[in-house]
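Working notes, beginning with the structure itself.
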Amino acid sequence: MYHKDPLKDLNPGQVEAVTSKGTHLMVKAGPGTGKTRVLTARILYLINRGVDPHQILAVTFTSKAAQEIRKRLEAAGVKVLPQVGTFHSWAFRIISLKKGISPFVIDEHEQRFLFREAVRESQVETEPRGLFERLLLLKQQTERGFDGDNKDLELLWICYHNLLKKYRLMDYEDLIINATGYLEKDPNPLPKHVLVDEFQDVSPIQFQLVRVLAAKALITAIGDPYQAIYGFRGADPRFIHRFAMEFDPVKSVTLSDAYRCPQKVLDAAASLFDGMTPLRSKEKKEGEILYKSFETSEKEASWIAVQIDKMIGGISFESMNRHSSGDFDEMALSDICILYRTKAQAAALTKALVRHGIPFHTPVNHRKVETNAISMLHHLVGFMVGNVKKYHLARLGIQEESATVLASFLDLVQQGKISVGEFLKTFSEILGLDLSDEELERLKGPVNMLKEGVPPALAFKEEQDSLDFDVEAVSLMTFHGSKGLEFPVVFLTGIEKDILPWKGGDAEEERRLFYVGLTRSAQKVFVTACRKRRLYGKWMMTGPSSFVRSIEPHVSKDVAKPPKRKTPLKKKQKSLF
DNA sequence: CGGATAGGCTTTTTT
DNA sequence: AGCCTATCCG
């Protein structure tokens with residue numbers, strides 16, 4: 001049992017990371033090197049050495065990751081759990097503790113309302129187009145108030161913050177900023193050990209919070225600079241370096257034994273970066289990377305559906321006619337994942353999967369109706385508390401009367417007078433939402449969390465990004481969404497010019513995004529591209545991404561080359577349909 | 001004031 | 001294709 005011996009089955013590098021004492025610690029952990037394992041083992045190690053669990057704080061990137069760690073600790077026999085959560089959930093608790101009252105947290109949608117109100121009030125003359133996005137980004141990057149040079153933006157910044165104050169609301173950044181402020185003044189409930197996961201995705205305001213924590217605590221930072229993919233929302237991978245500079249002395253440990261990807265995949269992944277040494281694979285599986293290109297995005301999608309059908313042993317008509325088996329290992333649907341750069345690309349793929357009768361699932365935030373229902377629920381709760389006003393509701397198509405009625409129903413739920421299911425039925429009827437039973441079922445989660453006192457913004461948000469992996473289905477998601485996950489078979493789709501290094505994106509961040517995608521695979525990778533793609537309602541000419549060229553030496557030869565001469569390859573391609 | 005309609009733009013996403 | 005926004009007309 002881990003609790004007895006957290007070091008059991010760890011490799012030397014991992015042991016070094018887990019047992020490091022007396023200084024801050026930076027653990028550089030590439031894909032599949034046992035990052036989560038080290039994190040939990042280190043917590044266990046600290047507890048075993050007599051550290052009070054309450055003095056330990058583990059910060060994760062998502063609440064799902066926090067749950068996973070809590071689960072592992074419990075499984076290891078830990079009775080008193082340490083504090084485990086995201087920066088935001090911990091900050092929320094600190095603020096609640098310090099103020100004696102929980103703040104109402106608004107999401108981006110509501111932030112936009114307030115911003116519009118600010119625009120109206122401040123009578124800014126220039127076109128506010130894109131200003132909101134700039135404010136959002138600026139707020140994650142600035143540690144103390146406004147520090148831009150745009151006069152209009154400054155005015156809107158002030159106006160926006162006055163409105164937040166007026167309605168007693170906080171946005172997500174406020175949680176971090178305010179908690180930092182409170183702790184600077186009075187570092188009372190500061191823990192002695194802080195572990196921060198996914199350090200490459202830390203934003204400036206979060207780094208500032210880490211600074212404050214470091215005044216009292218030893219910090220363990222775990223991250224991988226090659227997997228930094230959230231620069232677009234303020235994260236800065238240079239903090240990995242800054243950490244070592246500022247928090248001197250820092251012990252640094254690099255984990256280079258990887259347990260997920262086959263060597264071939266790791267070699268291909270490393271070839272994306274100049275001078276990168278590949279991780280050492282401890283996985284004996286051979287591994288394979290296949291590349292195939294198509295005329296259109298629709299053909300790409302159908303081909304993928306056919307491949308999946310073959311892999312799962314074939315239930316459809318086409319595969320019944322197939323005599324040879326053993327082209328592929330038998331796979332379960334849940335072993336397969338399809339990745340794409342933008343959600344807009346999912347349409348062609350899901351269409352093909354439906355046509356082939358292959359079950360699949362996508363994250364909730366890809367589904368319009370449900371996202372909308374969640375947002376309505378959230379607003380309803382805000383309305384009950386008095387934070388959400390009539391015009392906020394109107395914007396979502398909710399009449400004030402409906403909201404009043406529903407609020408009283410929700411009250412009955414809280415008192416246990418009616419069930420969550422009954423409430424949701426009424427809710428969708430009154431608001432005229434066309435929700436399936438399945439969708440209604442999924443909405444129960446956040447309402448139940450609400451009953452248990454989870455802050456609304458967190459309760460509703462959590463549901464939005466959960467993908468239920470117990471379902472036997474192929475997983476579809478964006479490259480971003482795949483971070484931290486692994487699948488035996490991964491399809492990397494649309495690896496095309498202007499799509500994977502996204503046109504206008506940060507080229508290096510796009511490269512890391514492809515790296516993340518590649519390294520999700522525990523066995524087999526399919527890389528696909530097409531010449532013409534239907535996107536946003538019109539055709540665009542694409543062609544293979546430069547990344548395809550980078551990994552080419554590691555791609556299996558038989559299908560590796562994009563068709564050069566039409567005849568022979570066309571024939572081969574046809575036989576697959 | 002509100003409904004209809006034409007025009008413009010479209011990443012990625014956690015909390 | 002679909003959503004948000006601006007504008008125009010009753």
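Chain A is the first sequence line, chain B the second, and so forth, proteins listed ahead of strands; every chain is numbered from 1.
For A:Tyr536, whose side chain is taken as the heavy atoms from C-beta onward, the closest listed nucleotide among B:dT15, B:dT10, B:dT12 is B:dT10. You'll find that the side chain of A:Thr342 is closest to B:dT11, out of B:dT15, B:dT11, B:dT13. Comparing B:dT11, B:dT15, B:dT13 against the side chain of A:Thr86 picks out B:dT15 as the nearest. Side chain of A:Arg233, nearest nucleotide from B:dT15, B:dT13, B:dT11: B:dT13.
Atoms CZ (A:Arg112) and C1' (C:dC3) sit 12 Å apart, rounded to a whole Å. Atom NZ in A:Lys343 sits roughly 8 Å away from atom P in B:dT11 (whole-Å rounding). Taking atom CD1 of A:Ile176 as the reference point, atom P of B:dT15 lies 12 Å away to the nearest angstrom. In this structure, A:Leu513 atom CG and B:dT13 atom C1' are separated by 12 Å, rounded to whole Å. Per the geometry, CD belonging to A:Gln345 stands 15 Å off C1' belonging to C:dA1, to the nearest Å. Atom CD in A:Gln206 sits about 14 Å away from atom P in B:dT14, given to the nearest Å. Per the geometry, NZ belonging to A:Lys483 stands 10 Å off P belonging to B:dT14, to the nearest Å. The separation between A:Asp197 atom CG and B:dT15 atom C1' is 16 Å, rounded to whole Å.
You'll find the side chain of A:Phe239 stays beyond 4.5 Å of the side chain of A:Gln206, heavy atoms only.
Relative to the six-membered ring of A:Tyr160, A:Lys139 misses at least one condition, a distance below 6.0 Å or an angle of at most 45° to the axis.
By the side-chain hydrogen bond (donor to acceptor under 3.5 Å, both in side chains) test, A:Thr528 is found to be paired with A:Glu300, residues two or more places apart in sequence or in another chain being considered. Residues forming a side-chain hydrogen bond (donor to acceptor under 3.5 Å, both in side chains) with A:Arg70 (at least two apart in sequence, or on another chain): none.
At the phosphate of B:dT15, neither OP1 nor OP2 sits under 4.0 Å from any side-chain N or O atom of A:Ser89.
In this structure, A:Tyr230 reaches the sugar-phosphate backbone alone: every heavy-atom distance under 4.0 Å involves primed, P, OP1 or OP2 atoms, never a base.
Formation of a donor-acceptor pair under 3.5 Å by the A:Arg341 side chain with backbone atoms of A:Ile499 is not found in this model.
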